[in-house]
Amino acid sequence: MDEPETHTTPSTRMIARQRDDRILAVLRSDGSVSAQQLAGMLHVSPSTIRRDLGRLADEGRLHRVHGGAYVQSVDTPDGERAFADVALDRADDKEAVATAAVELVHDGDVVYLDIGTTTMRVARRLRERDVLVVTSSLAVLDQLRTGSAEVLLLGGSLRRNFESFVGPLTTDALRAVRPDVTFLSCTGVRPDGAVLDDISAEAAIKRGAAEFAQALVLLATDAKFPGIGTFKVTDLTEVDTVITTAASDPATLDRCRDAGGEVITV
């Protein structure tokens with residue numbers, strides 16, 4: 001049960017607004033966060049955090065979900081294309097990357113498939129394999145509805161435009177999983193090796209997937225070099241394998257090689 005509201009003074013309102021600034025800073029960095037995490041970080045009660053999040057949601061500065069919040073960019077940004085349209089871009093290149101990707105999967109593996117139009121193609125090739133696929137992508141799930149592969153779907157808040165679940169519930173569930181191989185997608189790779197995404201809530205999930213990966217494989221056609229993106233997911237020095245197409249920037253790929261990673265060109 002929430003604490004009763006207390007009388008506010010200029011001092012308490014100022015403190016509340018300082019918390020607001022910290023909450024929004026965390027969300028801009030991580031994309032999503034749970035109320036429990038915020039309560040611990042800010043040393044206040046969960047009920048105080050829930051009131052803060054409710055007020056910020058009313059002001060249009062964030063979005064509430066069960067257990068936490070995410071920043072507005074989880075919604076469809078102006079001009080963002082639908083998943084089905086993006087899937088048609090460079091389709092042949094994505095098919096070639098996906099074909100190379102499944103060669104890294106062994107029978108009995110636990111496989112994490114990230115949100116993305118290339119990972120959807122990897123899923124299609126795993127449909128009859130003896131594997132467990134973990135994902136928050138409905139497009140991946142659609143590929144595996146029939147067949148023998150097992151599926152573990154991570155729930156959360158539905159982002160309809162890109163057919164995926166996002167938010168604190170998704171990232172919390174991801175922490176319980178230790179895949180043998182993790183296939184990561186992105187929207188861009190900077191020349192300095194930073195792997196980026198342009199949707200903050202998806203970036204938070206990708207960051208979690210990279211953190212807990214035993215073998216991290218980045219799937220990125222040359223269109224992603226440099227590509228676009230605001231939110232850092234990981235760095236090429238942390239990637240075990242990059243699967244890409246021939247026109248990708250060799251100097252950028254060398255950051256992966258120099259750190260002991262492998263680059264597969266299709």
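Because the structure is a prediction, the values reported are computed rather than measured. Both backbone and side-chain heavy atoms feed into the values below; hydrogens, waters and symmetry mates do not.
The side chain to side chain contact (heavy atoms under 4.5 Å, CB included) search around P226 returns P191, not counting sequence neighbours. Residues passing the side-chain hydrogen bond (donor to acceptor under 3.5 Å, both in side chains) test with K94, sequence neighbours excluded: T117. Applying the side-chain hydrogen bond (donor to acceptor under 3.5 Å, both in side chains) rule to T241 yields no partners; only residues at least two apart in sequence or on another chain are considered.
Across all their heavy atoms, L154 and A173 have their closest contact at CD2-CB, 3.8 Å. Annotation for I243 and A100: closest pair CG2-CB, 3.9 Å, computed over non-hydrogen atoms. Of all non-hydrogen atoms in A87 and A91, the two that sit nearest each other are O-CB, 4.3 Å. Of all heavy-atom pairs between Y112 and P179, the closest is CB-CG, 3.6 Å. Of all non-hydrogen atoms in R55 and D20, the two that sit nearest each other are NH2-OD1, 2.5 Å. Here the closest heavy-atom approach between residue A123 and residue L144 is recorded as O-CD2, 3.3 Å.
Taking OG from S185 and CD1 from I115, the interatomic distance works out to 7.5 Å, rounded to the nearest 0.5 Å. A distance of 11.0 Å separates CZ in F231 from CD in E202, rounded to the nearest 0.5 Å. Taking CD of E262 as the reference point, atom SG of C256 lies at 8.5 Å (rounded to 0.5 Å). Distance check, rounded to the nearest 0.5 Å: CD1 of I205 to CZ of R159 gives 9.5 Å. Once rounded to the nearest 0.5 Å, the distance linking CG of D114 with OG of S137 reads 8.5 Å. Between the CZ atom in R190 and the CZ atom in R255 there is a gap of 12.0 Å [rounded to 0.5 Å].
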Could you walk me through whether L158 and L138 pass the side-chain contact (heavy atoms from CB on, under 4.5 Å) test, one step at a time?
CA-CA 9 Å; L158 178 62; L138 294 176; 3.5 Å; yes
Taking it one step at a time, do V140 and V151 satisfy side-chain contact (heavy atoms from CB on, under 4.5 Å)?
CA-CA 9 Å; V140 167; V151 184; over 6 Å; no
E95 vs R124, test: side-chain contact (heavy atoms from CB on, under 4.5 Å). Steps then yes/no.
CA-CA 10 Å; E95 292 287 351; R124 186 182 306 148; 3.2 Å; yes
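Judged by distance alone, the side chain of T187 and the main-chain N or O of I228 form a donor-acceptor pair under 3.5 Å. Side-chain atoms of T135 come within 3.5 Å of backbone N or O of L113 as a donor-acceptor pair. Without hydrogens or angle criteria, T244 side chain to A220 main chain gives a donor-acceptor distance under 3.5 Å. Judged by distance alone, the side chain of R178 and the main-chain N or O of R175 form a donor-acceptor pair under 3.5 Å. Using modelled atom types, one side-chain atom of Q37 and one backbone atom of S34 make a donor-acceptor pair closer than 3.5 Å. For the pair T245 (side chain) and T221 (backbone), a donor-acceptor distance under 3.5 Å is absent.
Between T234 and K206, the side chains place no donor N or O within less than 3.5 Å of an acceptor N or O (distance only, hydrogens not considered).
Other residues, nucleotides and ligands contribute more than 12 heavy atoms inside 6.0 Å of the CG atom of D192. Within a 6.0 Å radius of CD in E128, more than 12 heavy atoms belonging to other residues, nucleotides or ligands are found.
Note: the hydrophobic cluster containing V181 also contains V122 (ILVMFWY, side chain heavy atoms under 4.5 Å, direct or indirect links).
Hydrophobic cluster of F212: no remaining members, since no ILVMFWY side chain lies below 4.5 Å from it. Using a 4.5 Å cut-off between side-chain heavy atoms of Ile, Leu, Val, Met, Phe, Trp and Tyr, V195 falls into a hydrophobic cluster with L184, V189, L216, L218, F225, V233, L236, V239, V242, L253, V263.
Listed by first and then second residue, the side-chain hydrogen bond (donor to acceptor under 3.5 Å, both in side chains) pairs involving residues 99-108 are T99-R125, D107-R129 (not counting sequence neighbours).
With a 4.5 Å cut-off on side-chain heavy atoms, L53 and L38 count as touching.
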